[in-house]
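These notes concern the structure reproduced below.
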There are 2 protein chains.
Amino acid sequence: MDNKTISEARDTLGALLRKPYESLQADVYAKLEARGFPDVRPAHSSVFRYIRPQGSRVTDLADSAQMTKQSMAYLAGSLKDLGYVRIVSDPDDKRAKLVVLTARGHAVWDALIELRDAAENACAEMIGRKRMAELRAILKDLGTAIEASQR
Amino acid sequence: MDNKTISEARDTLGALLRKPYESLQADVYAKLEARGFPDVRPAHSSVFRYIRPQGSRVTDLADSAQMTKQSMAYLAGSLKDLGYVRIVSDPDDKRAKLVVLTARGHAVWDALIELRDAAENACAEMIGRKRMAELRAILKDLGTAIEASQR
DNA sequence: CTAGTTAGACAGATAATCTGTCTAACAAAA
DNA sequence: TTTTGTTAGACAGATTATCTGTCTAACTAG
């Protein structure tokens, strides 16, 4: 057989992690589109993932999402243009802006949670609740260990 | 506590999958840079991951990587400019081009395998070989189940 | 031999990131 | 209180990585 590629017919850990992740994301965003939010894109998840109910500063969101404030400002700005957030001045610090979900933004937030839970449950059904619990436990361990090794 | 975010203090499956994946990737590409290949970027992995020793057509690479042939042509072209591949006419089909690794490209290919294996082994050390085997087994199951559910 | 399909090129657009510089506002220290 | 340093974000500009659409040359099948 002359079909050798970098994976050498073996499942790499990277591929094993990436495939379900991408499926999960594709599923959630396809269904979000079907629910009437076609303009919310995966990149926006950095905002929805970390935004707090009272609103969050661009800088804080950028820190959470591990990206530059310029990049986060771009994402927040695009969500503002699409009507999912308002950007208001922070009363506690006149330099700062708060990114705050609009009603439509809240609807997306709720939908994202619901769709994520549904997708995760579907996965759990597929492989069994017990194995899913085991998977989560190992992944959590691995994440913690990697984090520790980086410090 | 007023710290509620979309994750509601819970580890989402997406985050659990994403974090180790990104760490693995960052580690491999940082070390690749340290080895003298600073211009090979994660996006190029679509090429290195699927390219065959005899070379591969742009279209085939695009299919494997699940992207458009235009996008793959862009990546192949950028690797050509950087000296990691040559793009030669396919003798079997005058329309087609073969993307073929140069010596330098082969060096990257080898390094990627070595670094990937090292990174995976490091992970296995962290959580234990047995748990890593279990992780792989469950992820493989999950991947298969998701694939099946999509067809 | 003609009709349809495929491979890739070319043109153009957009999304999602980055770096660098600048100003206003805040915070801390003298 | 005034200066000095830091922080928040804005603005400008660049790059990377993707997309769609159209076109031509070459292959393939009827």
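Side chains are part of it too, since the values below use all heavy atoms of this structure and drop only hydrogens, waters and symmetry mates. Order of the sequence lines sets the chain letters (A, B, ...), proteins ahead of strands, with each chain counted from 1.
Close approach of DNA chain D to chain A, defined as any atom under 4.0 Å from a non-hydrogen atom of the protein, starts and stops at D:dT7 to D:dC11.
Going from atom CZ of A:Arg57 over to atom P of C:dA25 covers 14 Å, rounded to whole Å. A straight line from CG of A:Leu75 to P of C:dA15 spans 11 Å, rounded to a whole angstrom. Rounded to an integer number of Å, the gap from A:Tyr29 OH to C:dA16 P is 10 Å. Rounded to an integer number of Å, the gap from CD of A:Gln66 to P of C:dC18 is 11 Å.
Taking the side chain as every heavy atom from C-beta outward, B:Phe48 and B:Val40 approach each other to under 4.5 Å. Between B:Leu112 and B:Tyr29 there is a side-chain heavy-atom pair separated by less than 4.5 Å.
If you check the side chains of B:Tyr50 and B:Asp60, you find no donor sitting under 3.5 Å from an acceptor.
B:Leu115 is connected to B:Ile113 through a chain of hydrophobic side-chain contacts under 4.5 Å among Ile, Leu, Val, Met, Phe, Trp and Tyr, so both are in one cluster.
Among the protein residues, B:Lys97 comes within range of the sugar-phosphate backbone only, with heavy atoms under 4.0 Å from sugar or phosphate atoms but none that close to a base. Using a 4.0 Å heavy-atom distance criterion, A:Ser71 is classed as a base contact.
Not a single donor-acceptor pair under 3.5 Å links the side chain of A:Ser89 to the backbone N or O of A:Lys97.
Comparing A:Lys94 and A:His44, the nucleotide of DNA chain C nearest to each residue sits closer to the 5' end for A:His44. When each of A:Arg41 and A:Arg95 is assigned the nucleotide of DNA chain C bearing its nearest heavy atom, the one mapping closer to the 5' terminus is A:Arg41.
When all heavy atoms are compared, the tightest approach of B:Trp109 to B:Leu101 is CD1-CD1, 3.8 Å.
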